[in-house]
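Remarks on the structure that follows.
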Amino acid sequence: MNTKTITQEITGINTVTLPNIKMLKYNGIYGEYGGSYVPPVLEPALKKVALLFDTYSSDPDFIHEFSSHLVQYTGRPSPLYYASRLSRHTGAEIYLKREDLNHTGSHKINNTIGQILIAKRGGYKEIIAETGAGQHGVATATVAAMFGIKCKVFMGAIDAERQHLNVHRMKLLGADVVTTSIGTATLKDAVDAALVYFIEHPEAYYLLGSQVGPDPYPRMVGYFQSVIGYEARQQIIEQTGKLPDAALACVGGGSNAIGIFSGFLDDNSVELHGAEGGGQGFLGNTAATLSLGKPGVFQGTKSYCLVDEKGEVLPSHSIAAGLDYPGISPQHSYLKDCKRAKYHIITDNEAVEAYRLLSALEGIIPAIESSHAIALALKSFRNSGKTLVINLSGRGDKDVDRI
Ligand SMILES: *Cc1c(COP(=O)(O)O)cnc(C)c1O
């Protein structure tokens with residue numbers, strides 16, 4: 001894997017002290033995975049995005065603008081919090097990377113700020129996006145409002161129902177929310193609907209929300225989210241004087257996980273663990289793409305995918321709308337095959353238990369997605385005494401109703 005390090009470090013510009021920003025830039029091919037598999041009509045549109053990203057991701061002015069928004073608008077750096085009661089309960093030293101404290105309530109805003117700046121540089125007049133839990137839709141509608149660009153968000157009808165609070169938020173922010181009832185009416189179908197619109201309107205900017213889809217999205221999303229891991233690595237060393245034993249995250253499409261993993265990829269002593277949305281834990285009722293899927297081409301990229309014996313894409317299921325997707329990042333596909341990272345099935349029930357536990361023990365209501373990562377710590381690191389950094393990808397207000 002080509003992991004070229006961007007070294008622009010920005011401090012003390014204007015009167016604000018910006019955090020040191022360092023992001024990891026990948027080349028878009030991860031072993032046999034990645035690449036771009038799209039209809040020819042979309043090729044020029046994607047090439048334009050790739051060119052913009054290649055140009056601006058190394059441009060100091062761009063990085064400065066990105067990092068100022070992360071500080072002043074989003075509230076970065078997010079804290080790394082030592083969860084003492086959860087640690088005692090688990091028998092491990094648990095540090096939570098508080099992405100739930102970001103503006104709009106999850107890690108999604110890191111990527112949407114980065115991409116809206118790309119769209120602005122490219123002179124785009126309309127933003128389109130897909131959303132599962134609604135977190136990416138909200139984060140996109142937010143930055144579109146901030147920059148005064150028209151925004152359309154595609155969402156499965158089932159997700160719109162289970163995440164109605166986020167639908168109201170998006171509308172309030174001025175976005176046009178388009179629901180789709182095709183397929184399972186969840187994230188995969190929202191992506192399909194967004195792609196159909198994109199094929200008809202290739203002049204729109206497609207602001208993809210996870211580390212999936214054709215090049216350049218996986219490397220672009222990985223780049224913007226790698227700020228999480230960079231901060232977390234510095235923070236854990238400041239607080240404990242050493243590297244952690246493991247970094248944990250939930251895995252939907254893989255963006256928050258690659259965000260935290262990026263900080264530790266080159267630290268071979270740090271184990272990397274991903275918690276997949278297991279649903280009820282068997283093919284036909286799961287979203288555990290890496291654990292139970294097979295390599296294939298899906299929605300524009302080569303990666304693992306949930307398929308049946310005939311190779312047809314299977315509907316996914318997870319209690320967490322944000323994890324309910326039959327595809328996965330090509331980079332995580334690669335990290336699984338080369339065994340740098342391990343991926344685990346966490347069931348709906350295990351996630352709900354962790355959701356309740358973290359709320360009661362620490363006064364932090366986690367997103368049901370993030371609860372999968374907490375559940376993994378409870379399952380795999382009990383009485384291990386190990387030091388864990390867990391990415392708390394989002395807050396759980398949106399889930400209170402359903403749980
Ligand atoms: C969207 C979302 C996820 C899943 O997406 P990834 O790309 O895998 O990070 C996880 N947690 C929260 C809070 C989300 O909103």
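The residues of the chain are indexed from 1 along the displayed sequence. Indexing begins at 1, ligand by ligand and atom by atom, following the structure's order.
- Near Gln135, meaning under 4.0 Å from any of its heavy atoms, are these atoms of ligand 1: 15 (O).
- Every atom of ligand 1 is numbered from 1 in the order shown, and the set under 4.0 Å from a heavy atom of Gly394 is 13 (C).
- Counting atoms of ligand 1 from 1 in the listed order, those under 4.0 Å from a heavy atom of Gly252 are 8 (O).
- In terms of protein heavy atoms, atom 2 (C) of ligand 1 is closest to Lys108 NZ, 2.5 Å.
- His273 pairs with exactly one of Phe264, Phe381, Tyr343 by the ring-ring contact (aromatic ring centres under 6.0 Å, His included) rule, that one being Phe381.
- Considering backbone and side-chain atoms alike, Leu323 places every N or O at 3.5 Å or more from each N or O of ligand 1.
- Residues Ile258 and Ser226 have side chains not in contact (no heavy-atom distance under 4.5 Å, counting atoms from C-beta outward).
- Of all the heavy atoms in Leu208 and Gly213, the pair that sits closest is CD2-CA, 4.0 Å.
- Judged by the shortest distance from any of its heavy atoms, Ala133 lies outside the 4.0 Å radius around the atoms of ligand 1.
- The two atoms that bring Ala141 and Ala175 nearest to each other are CB-CB, 3.7 Å, heavy atoms only.
- Residues Thr387 and Lys242 have side chains in contact (heavy-atom distance under 4.5 Å, counting atoms from C-beta outward).
- For the residue pair Lys97 and Glu231, the shortest heavy atom distance occurs at NZ-OE1, 2.7 Å.
- Looking only at protein heavy atoms, the nearest one to atom 4 (C) of ligand 1 is Gly322 O, 3.3 Å.
- Side-chain atoms of Ser303 come within 3.5 Å of backbone N or O of Ile328 as a donor-acceptor pair.
- For a threshold of 3.5 Å applied to N or O pairs, the pair formed by Gly209 and ligand 1 contains no separation below that value.
- The protein heavy atom nearest to atom 7 (O) of ligand 1 is Ser210 OG, 2.6 Å.
- Remark: among candidates His332, Glu369, Gln211, His372, the nearest residue to atom 10 (C) of ligand 1 is Glu369, based on non-hydrogen atoms.
- Heavy atoms of His107 come nearer than 4.0 angstrom to ligand 1 in at least one pair.
- Ring geometry for Tyr325 against Phe298 counts as tilted: the plane angle lies between 30° and 60°, on a 0 to 90° scale.
- Residues Pro295 and Tyr33 form a side-chain contact, since some pair of their non-hydrogen atoms from C-beta on lies under 4.5 Å apart.
- In terms of protein heavy atoms, atom 11 (N) of ligand 1 is closest to Ser393 OG, 2.7 Å.
- Every atom of ligand 1 with a heavy atom of Ala367 under 4.0 Å away is listed here by number and element: 13 (C).
- Contact atoms of ligand 1 toward Gly254: 6 (P), 7 (O), 8 (O) (distance under 4.0 Å to a heavy atom of the residue).
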